[in-house]
There are 2 protein chains.
Amino acid sequence: MSESTGLRARKKERTRDAIGDAAVSLFLQRGFDRVSVNDIAAAAEISKPTLFRYFPTKEDLVLYRFVDHQGEAARVVRDRQSGIKPVTALHRHFRAGLDRYDPVTGLSDHPEVVAFHRLVFTTPSLAGRLTRYQLDDEEALADALGEGIQARLLAAQVLAVQRVLARTNWQKIADGRTAHDVHPEAVADADQAFNQLP
Amino acid sequence: MSESTGLRARKKERTRDAIGDAAVSLFLQRGFDRVSVNDIAAAAEISKPTLFRYFPTKEDLVLYRFVDHQGEAARVVRDRQSGIKPVTALHRHFRAGLDRYDPVTGLSDHPEVVAFHRLVFTTPSLAGRLTRYQLDDEEALADALGEGIQARLLAAQVLAVQRVLARTNWQKIADGRTAHDVHPEAVADADQAFNQLP
DNA sequence: ATGACTGAGTTGCTTTTTTAACCGAGTAAC
DNA sequence: GTTACTCGGTTAAAAAAGCAACTCAGTCAT
């Protein structure tokens, strides 16, 4: 088994995580625009230019956790077993995320995750930037689905569905319920939503 | 109060410590020449050239803890209050080291320190290199003491005395006694030794 | 409205680190 | 004896990080 990543790559990854974690932690403590990039750089013990070498903008410091899932939908479609319809593959993948309470499904009641989602949804510049990421994601998914306008339409609908499902789940949890409690409804919602897709 | 060390300096110091600690820890586990510099570099998560930029030779990886005390005797003499004889200043300084169980006096029963001393004394190349350090130390002390042959003689005698005292203390502790138990004898030995110096 | 600040990004230059390749001595295999 | 290791230590080139100083917006006094 090769888990040898090379010194350079390993340290870069660690630096990236350190910056991202420091940023999110500070943002959760004090709010997005009460924290300067200087604060983050200081907390992560790196210099400001280094910070911007890892993250193009301040917003990306928050959203890099989503970026890591960038293109995931497209990948699911591409890697599906033959004979399985794209929508089915996406449905199963979302369902699996639900079952392991993956934060991207909105179905996580870890306090940090909940706070993080509130941060994103209630900070306009972050929500804005997030939709831009989702557009990229949509495009990739459309490409994976095929060529014409139908592929684009389907891609848009799938991602819209996932967005709504995730927000719905998050909302219920933000209202104080546990992820475990919400799980059955989340599964039912997902089944209904995906099944009425073309 | 300024404790601002600058990012660069702070990280360098940390890297140095990481290398030194990794090295000593491995040496204590497996013995000096059962550990390659590659092992040390890997454990400290730095590359081999980096290791050698921090430490000129493998031996220095062990001895840097002594190097940090390099020139201490000379400094004690130079910084003594006026009216105090050099030997007296050195005597008091050694006595103070005894009182705080400073490892350099040999009067420490921390298992790690004891094992470390055994490592140094029982590994020929290390003992050899250590005496070279002590020669440098001796020269610095001689310069601090004055010009002629007398200064050199005194310097040599002082350091010889300190060496013997430290080894004597260490030997007693290696035989199983506690530092606290040995302390009175160590003080008596030191008093006797320093008092019969010119 | 002008001037002084603050904060997001950037730029040029220097220092540090990684990488991979090498040297030279020792040593074990055959 | 030659071949092939391993190990201490070095070198050159390229990547990455630090530092200081800068631009460009906004903001908030006076």
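In the text below, chain A, chain B and the rest are named by the order of the sequence lines, each starting its count at 1. Everything numeric here is computed off the predicted structure, so don't read it as measured data.
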Check the distance between D/dA16's P and B/E45's CD and give it to me in whole angstrom. 18 Å

Sugar-phosphate, base or nothing in reach of B/T50, heavy atoms under 4.0 Å: base

Taking the ring centre of each residue, are B/Y101 and B/H180 less than 6.0 Å apart? no

If the cut-off is 4.0 Å, is A/Y54 near the phosphate of D/dA16, judged by side-chain N/O to OP1 or OP2? no

So which protein N/O to nucleotides 19-22 of chain D N/O distances come out below 3.5 Å?
{"unit_1": "D/dC19", "atom_1": "OP1", "unit_2": "B/L7", "atom_2": "N", "d": "3.1"}
{"unit_1": "D/dC19", "atom_1": "OP1", "unit_2": "B/R8", "atom_2": "N", "d": "3.1"}

Starting at atom CG of B/L51, determine the distance to atom C1' of D/dG9, rounded to an integer number of angstrom. 10 Å

Taking B/N169 for its side chain and B/T105 for its backbone only, find out whether a donor-acceptor pair lies under 3.5 Å. yes

Check the distance between D/dA17's P and A/R14's CZ and give it to me in whole angstrom. 13 Å

Starting at CZ of B/R34 and ending at P of D/dC7, how long is that distance when rounded to a whole Å? 13 Å

Run the side-chain donor-acceptor check on residues 135-147 of chain A: report pairs under 3.5 Å with partners two or more places apart or on a different chain.
{"unit_1": "A/D137", "atom_1": "OD1", "unit_2": "A/G71", "atom_2": "N", "d": "2.6"}
{"unit_1": "A/D143", "atom_1": "OD1", "unit_2": "A/R152", "atom_2": "NH2", "d": "3.4"}

Check for a donor-acceptor pair, side chain of A/R80 on one end and backbone N or O of A/V77 on the other, with a separation under 3.5 Å. yes

Which residues pass the salt bridge (charged side-chain N to carboxylate O under 4.0 Å, His left out) test with A/R95, not counting sequence neighbours? A/D99

Rounded to whole Å, CZ of B/F52 lies from P of D/dG9 at a distance of 5 Å

Please indicate whether B/R92 has more than 12 foreign heavy atoms, meaning atoms of other residues, nucleotides or ligands, lying under 6.0 Å from its CZ. no

Just checking, A/K58 and A/F27: is the charged tip under 6.0 Å from the six-membered ring centre and within 45° of the axis? no

Output side-chain donor-acceptor pairs under 3.5 Å for residues 184-195 of chain B, partner residues at least two apart or in another chain, one line each.
{"unit_1": "B/E185", "atom_1": "OE1", "unit_2": "B/K172", "atom_2": "NZ", "d": "2.9"}
{"unit_1": "B/E185", "atom_1": "OE1", "unit_2": "B/R177", "atom_2": "NH1", "d": "3.4"}
{"unit_1": "B/E185", "atom_1": "OE2", "unit_2": "B/R177", "atom_2": "NH1", "d": "3.3"}
{"unit_1": "B/E185", "atom_1": "OE2", "unit_2": "B/R177", "atom_2": "NH2", "d": "2.5"}
{"unit_1": "B/D191", "atom_1": "OD1", "unit_2": "B/H91", "atom_2": "NE2", "d": "2.8"}
{"unit_1": "B/N195", "atom_1": "ND2", "unit_2": "B/D191", "atom_2": "O", "d": "3.0"}

I'd like a table of atom pairs between the protein and nucleotides 23-25 of chain D - only N or O on both sides, under 3.5 Å - with the distance next to each one.
none

Between A/D39 and A/S36 (side chain of the first, backbone of the second, donor and acceptor by atom type, cut-off under 3.5 Å), is there such a pair? yes

Rounded to whole angstroms, how far apart are CD on B/E13 and C1' on D/dG18? 17 Å

Is it true that A/D17 and A/R65 make a salt bridge, defined as a side-chain N closer than 4.0 Å to a carboxylate O? no

What is the distance from CG of B/D39 to C1' of D/dC7, rounded to the nearest Å? 10 Å

Tell me whether the count of non-hydrogen atoms from other residues, nucleotides or ligands lying under 6.0 Å of CZ in B/R163 goes above 12. yes

Rounded distance in Å - CZ (B/R129) to P (D/dG8): 14 Å

Its 5'-most and 3'-most nucleotides having an atom under 4.0 Å from a non-hydrogen atom of chain B, DNA chain C is contacted over C/dT15 to C/dA20

